[in-house]
Amino acid sequence: MKLATWNVNSLKVRLPQVLQWLADNPVDVLCLQETKTIDEKFPQAEIEAAGYHVVFSGQKTYNGVAILSRHPMTDVVRNNPHFADEQQRLIAATIKGVRVICAYIPNGQAPDSDKYQYKLRWLDGLQQWLTLEVAAHPKFALLGDYNIAPDDRDVHDPAAWVGQILVSEPERAAFRRMIDLPLADSFRLFEQPAKLFSWWDYRQMGFRRNFGMRIDHILLSPALAAACTACVIDKVPRKWEQPSDHTPVVATIELV
DNA sequence: ATGGCTTGTAGGACAAGA
């Protein structure tokens with residue numbers, strides 16, 4: 001079973017790339033973030049025509065998440081039952097016995113901003129929900145744009161980012177609390193080359209200079225981590241014309 | 001260097017992302 005996550009920065013703009021990527025990479029599950037479309041305008045027919053079931057939770061202009069799956073989905077939940085939020089950032093479904101949560105964790109804007117406080121409260125609420133979901137589902141996966149670089153290894157220039165969002169200690173502490181549930185960062189289950197990232201700034205030729213961050217993650221429960229045989233960041237779509245600033249991350253799990 | 005790109009909303013700048 002292959003599970004993938006991709007922040008597409010507008011599904012309207014990126015739909016052709018999503019369909020192309022799925023044709024090239026027929027994963028079982030693809031979690032999307034920043035669809036930026038209301039449900040009435042979600043391109044459900046196009047995705048189903050590509051052979052995928054799809055569930056989604058969107059809003060106007062911002063945020064928006066979706067799960068695409070080769071297999072039927074059950075027990076779909078939109079938003080966090082333990083954290084009231086008008087922003088559409090979470091959707092969950094069960095696929096072949098695997099509980100999947102697709103998350104678009106808030107960006108936080110700046111450490112002294114209200115949005116940063118919202119991010120930390122949002123992460124507290126997520127932790128409450130995760131605690132219950134991990135206990136209820138031995139096969140559990142949390143995929144998405146975390147907007148957290150867990151480690152200095154995940155930052156192109158750690159010195160330049162000290163004290164900023166994505167790397168601040170409270171954010172990293174929230175990430176470690178998820179790891180302590182326990183959940184495994186599937187990327188770090190394997191030897192990885194240095195300086196591998198999942199996001200690069202559009203500006204200043206960030207991708208060409210590899211000025212990036214690893215902020216998109218696939219966390220796995222112990223049962224799934226034990227069956228995980230690979231986790232790769234696919235940089236190919238970031239090289240396409242008019243790319244998202246994020247690129248897909250894919251975990252392979254050998255379910256028995 | 002608080003901006004550099006990109007997107008959505010609008011139908012002109014501006015908010016937001018990370």
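Every chain is numbered from 1 and lettered A, B, ... according to where its sequence line falls, protein lines coming before strand lines. What you are looking at is a predicted structure, and each value in this text was computed from that prediction instead of being measured.
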Atom pairs and distances, side-chain donor-acceptor, residues 229-236 of chain A, under 3.5 Å, sequence neighbours left out:
| residue | atom | partner | partner atom | Å |
| --- | --- | --- | --- | --- |
| A/D234 | OD1 | A/V236 | N | 3.0 |
| A/D234 | OD2 | A/W21 | NE1 | 2.7 |

Check DNA chain B against residues 163-170 of chain A and give the residues with a non-hydrogen atom under 4.0 Å, in numerical order.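 Of all residues in residues 163-170 of chain A, the ones placing a heavy atom under 4.0 Å from DNA chain B are A/I165, A/L166.
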Hey, are [X] and [Y] close enough for a salt bridge, meaning a charged N less than 4.0 Å from a carboxylate O?
{"X": "A/K195", "Y": "A/D157", "result": "no"}
{"X": "A/E40", "Y": "A/K60", "result": "no"}
{"X": "A/R188", "Y": "A/D154", "result": "yes"}

How many Å lie between [atom1] on [X] and [atom2] on [N], as a whole number?
{"X": "A/Y116", "N": "B/dG17", "atom1": "OH", "atom2": "C1'", "answer": "17 Å"}
{"X": "A/Y62", "N": "B/dA10", "atom1": "OH", "atom2": "C1'", "answer": "12 Å"}
{"X": "A/Q87", "N": "B/dA15", "atom1": "CD", "atom2": "P", "answer": "17 Å"}
{"X": "A/D201", "N": "B/dG17", "atom1": "CG", "atom2": "P", "answer": "14 Å"}
{"X": "A/Y202", "N": "B/dT6", "atom1": "OH", "atom2": "P", "answer": "7 Å"}
{"X": "A/E34", "N": "B/dA15", "atom1": "CD", "atom2": "P", "answer": "18 Å"}
{"X": "A/Q59", "N": "B/dG17", "atom1": "CD", "atom2": "P", "answer": "11 Å"}
{"X": "A/M213", "N": "B/dG17", "atom1": "CE", "atom2": "P", "answer": "15 Å"}

Would you tell me if any nitrogen or oxygen in the side chain of [X] comes within less than 4.0 Å of OP1 or OP2 on [N]?
{"X": "A/K60", "N": "B/dA10", "answer": "yes"}
{"X": "A/Q33", "N": "B/dG17", "answer": "no"}
{"X": "A/N9", "N": "B/dT6", "answer": "no"}
{"X": "A/Y104", "N": "B/dA16", "answer": "no"}
{"X": "A/R14", "N": "B/dT7", "answer": "yes"}
{"X": "A/K12", "N": "B/dT7", "answer": "no"}
{"X": "A/H246", "N": "B/dG17", "answer": "no"}

Determine the interatomic distance between [atom1] on [N] and the same-named atom on [M]; round to the nearest Å.
{"N": "B/dC14", "M": "B/dA10", "atom1": "C1'", "result": "11 Å"}
{"N": "B/dG11", "M": "B/dT2", "atom1": "P", "result": "30 Å"}
{"N": "B/dG17", "M": "B/dG12", "atom1": "P", "result": "26 Å"}
{"N": "B/dA13", "M": "B/dA1", "atom1": "P", "result": "29 Å"}
{"N": "B/dT6", "M": "B/dA18", "atom1": "C1'", "result": "12 Å"}

So, is the end of the A/R99 side chain (NZ or CZ) under 6.0 Å from the ring centre of A/F140 and within 45° of the ring's axis?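 Cation-pi check for A/R99 and A/F140: fails.
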Counting side-chain heavy atoms from C-beta on, which of B/dA18, B/dA16, B/dG8 comes nearest to A/R203?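 Shortest atom-to-atom distance from the side chain points to B/dA18.
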A/S10 has a side chain; which of B/dG17, B/dG4, B/dG8 sits nearest to it?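 Per side-chain heavy atoms of A/S10, the pick is B/dG8.
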Are the side chains of A/I215 and A/I148 in contact, using a 4.5 Å heavy-atom criterion?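 Counting from C-beta outward, A/I148 and A/I215 never come under 4.5 Å.
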According to the interplanar angle, ranging from 0 to 90°, do the rings of A/F56 and A/F42 count as parallel (below 30°), tilted (30 to 60°) or perpendicular (above 60°)?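 Geometry flag for A/F42 against A/F56: parallel rings.
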Report the residue from A/D151, A/D152, A/V167 that forms a side-chain contact (heavy atoms from CB on, under 4.5 Å) with A/P158.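 By the side-chain contact (heavy atoms from CB on, under 4.5 Å) criterion, A/P158 pairs with just one of A/D151, A/D152, A/V167: A/D152.
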Pick the nucleotide of DNA chain B nearest each of A/K41 and A/N147; which residue has the one closer to the 5' end?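 First, find each residue's nearest nucleotide; the 5'-ward one identifies A/K41.
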Of A/R89 and A/Q242, the one whose closest DNA chain B nucleotide lies more 5':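 With A/R89 and A/Q242 compared, the 5'-side residue is A/Q242.
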Stepwise side chain to side chain contact (heavy atoms under 4.5 Å, CB included) test for A/L11 and A/K36: CA-CA 7 Å; A/L11 185 55; A/K36 294 187 177 181; over 6 Å; no
Would you mind classifying the nucleic acid contact of [X] as base, sugar-phosphate or nothing, using non-hydrogen atoms under 4.0 angstrom?
{"X": "A/D145", "result": "sugar-phosphate"}
{"X": "A/N63", "result": "nothing"}
{"X": "A/F197", "result": "nothing"}

